Undergrad: 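Let me begin by handing over the structure; questions about it come next.
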Amino acid sequence: MQHKQSKVLFGRAMDVLVEGCSSASRGPMNYKPFPPYIREGRGSRVWDVDGNEYIDWQLSFGCLPMGHAHPKIVEVIQQEVAGGTHFATALEVEVETAELMVSMLPHIDKVRFANTGTEACMTGVRMARGITGKRKILKFEGHYHGWYDGLLVSSNPQYVTSLGHPNDPVRIPDSSGLTPGSWEDTLVCVWNDVEALERVLRSHGHEIACIVMEGVMSNMGVIPPNPGYLKAVEALCREFEVLFYLDETVTGFRVAPGGVAELYGLKPDIVTYGKALGQGFPIAAIAGPNHIMESIEYGKVLHYGSHNAPRLGLFATKTMLEEMSRDNYAGYKKISEIGNQMTERLNQAAADTGQNMRVQNIGSMFHPVFTDLDEITNYRDFCQTVNLAKYADFSRKMRDQGVFFSGNKILHNLSCTEHTQADIDTSIEAAGNALEQMSDNERI
Ligand SMILES: Cc1ncc(COP(=O)(O)O)c(C=O)c1O
């Protein structure tokens, strides 16, 4: 595989784009010495500017449940673009899309559209504070909710020695440029540990507006919730009168039609969606029951945005929801089955080659980590035991064989409706080769 054109583009890009791209995750931080510049995608495949073809399991950070350039999406967008891209008033497609969402999500009454997960999460937190009049919020170590200042705390992997006692995690800001005040009211707790949460709520419950969490830790590979954990969190929220804010930016419209809330039978107070919702267009949403959503009426709690509810994106969302729901949600069943098969067979490939690779998944979201533990159930084990460099080596070896696994070492891989059995078989064969090529001294 040669990358002459990508190299040339990277040289040009470095003169005009920071890191040669528009987000650290896409550039040399994860693709050394330079990223493959992608020219186009169709179905489960992408092609770079050198003509190299890849089976894509990264799928635009989870934004493409129906893969690239799905014919239905292309048809609808081609037809609708001629009718204009954006209007500063309300749209029929906005109503239709919200109706579809509400019909799929029994725990919500209303939707407000935004553009990105970050904006939605920023609004969710503001709503929680506005509704309760309380100032503090509680998030979890290793959970990421976008790049709003108040949530940029303890989201990245760290040396365990810097994390402090689990009863009182050291809060680590994720960026320069944050004022102390912006995260002063952001408490941090360890995740997947009911007692730890109860302890924090006993001391601070009366000051906490909401508990914000991912239902599946998905910015540290894929770490599922322990059995009963999410229900216990919900019950504690009710007991301590703290709003339960489930951030389904990754899991929404992916792990099940109703996301984590459906899978685990939850009734969150505030929910945010993004990624898969837009099928590649920047569409996000804040949702919840009426008594919560009325808080943003007429700017009581402010949520504005020139680009909210972009017309073409909504057509993509509506089409995606219709297609994925067809035949009793067959699309969701399909992507989950593919994710389950990938997980099982990657684990088998690891066992066959004696590598300490473990793959965890929730349906269509799966991720290989290199660790000597049998299972990763929390952030601290991830930080302490997972060999990220080894994953980087593995994903590079996969890419060299035309299989695109997440370049970002802490994110995850995903399936879409367009992955075929041949894609799975080819990817598993490539994984076997990659694992074989990895150095002997790293085997168990
Ligand atoms: C759980 C979660 N919430 C929020 C966000 C932010 O979404 P966006 O990148 O669309 O701003 C992300 C992004 O990865 C996420 O994983």
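Each ligand, and each atom within it, is numbered from 1 in the order the structure gives. Predicted, not measured: the structure shown is a model, and the values here were computed from it.
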Undergrad: State, yes or no, whether a side-chain contact exists between Thr97 and Val111 at a heavy-atom distance under 4.5 Å.
TA: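 A side-chain contact under 4.5 Å is absent here.
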
Undergrad: Enumerate the atoms of ligand 1 whose separation from the nearest heavy atom of Asp247 is less than 4.0 angstrom.
TA: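 Within the 4.0 Å cut-off of Asp247, ligand 1 contributes 1 (C), 2 (C), 3 (N), 4 (C).
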
Undergrad: Just jot down the ligand 1 atoms closer than 4.0 angstrom to any heavy atom of Thr116, in number order.
TA: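 In order of number, 10 (O), 11 (O).
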
Undergrad: Output yes when the distance from some N or O of ligand 1 to some N or O of Thr118 is under 3.5 Å, and no in every other case.
TA: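 N/O-N/O distance under 3.5 Å: yes.
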
Undergrad: Does an N or O from Asn219, backbone or side chain, lie closer than 3.5 Å to an N or O of ligand 1?
TA: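 N/O-N/O distance below 3.5 Å exists for this pair.
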
Undergrad: Measuring from Tyr391:OH to Met398:CE, what's the distance to the nearest 0.5 Å?
TA: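 It is 8.5 Å, given to the nearest 0.5 Å.
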
Undergrad: At a 4.0 Å threshold, what atoms of ligand 1 neighbour a non-hydrogen atom of His145?
TA: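 Answer for ligand 1: 3 (N), 4 (C), 5 (C).
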
Undergrad: Tell me the nearest of Gly278, Gly117, Ser218, Ala284 to atom 7 (O) of ligand 1, using heavy-atom distances.
TA: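 Of the listed residues, Gly117 has the closest heavy atom.
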
Undergrad: Which atoms of ligand 1 sit under 4.0 Å from any heavy atom of Glu214?
TA: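 Matching atoms, with element in brackets: 1 (C).
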
Undergrad: Please table the atom pairs, donor to acceptor, closer than 3.5 Å between any side-chain atom in residues 291-298 and protein atoms at least two apart or in another chain.
TA:
unit_1	atom_1	unit_2	atom_2	d
Glu294	OE1	Lys300	NZ	2.7
Ser295	OG	Ile292	O	2.8

Undergrad: Tell me which one of Lys390, Arg396, Lys397 satisfies side chain to side chain donor-acceptor pair (under 3.5 Å) with Asp393.
TA: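 Of the listed options, the one satisfying the test is Lys397.
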
Undergrad: Working to the nearest 0.5 angstrom, can you tell me the gap between Leu243 CG and Ile211 CD1?
TA: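 CD1 of Ile211 is found 10.0 Å from CG of Leu243.
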
Undergrad: Nearest 0.5 Å, please: how far is SG in Cys21 from CZ in Phe10?
TA: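 If I round to the nearest 0.5 Å, the distance is 8.0 Å.
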
Undergrad: First locate atom CG of Leu312, then atom CD1 of Ile283, and finally report the distance between them rounded to the nearest 0.5 Å.
TA: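 So the CG of Leu312 and the CD1 of Ile283 are separated by 9.5 Å.
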
Undergrad: Can you report which non-hydrogen protein atom sits closest to atom 14 (O) of ligand 1, along with the distance?
TA: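 Among all protein heavy atoms, the one nearest atom 14 (O) of ligand 1 is Lys275 NZ, 3.0 Å.
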
Undergrad: Return the residue, atom name and 0.1 Å-rounded distance of the protein heavy atom closest to atom 2 (C) of ligand 1.
TA: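 Sorting protein heavy atoms by distance from atom 2 (C) of ligand 1 puts Tyr144 O, 3.2 Å first.
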
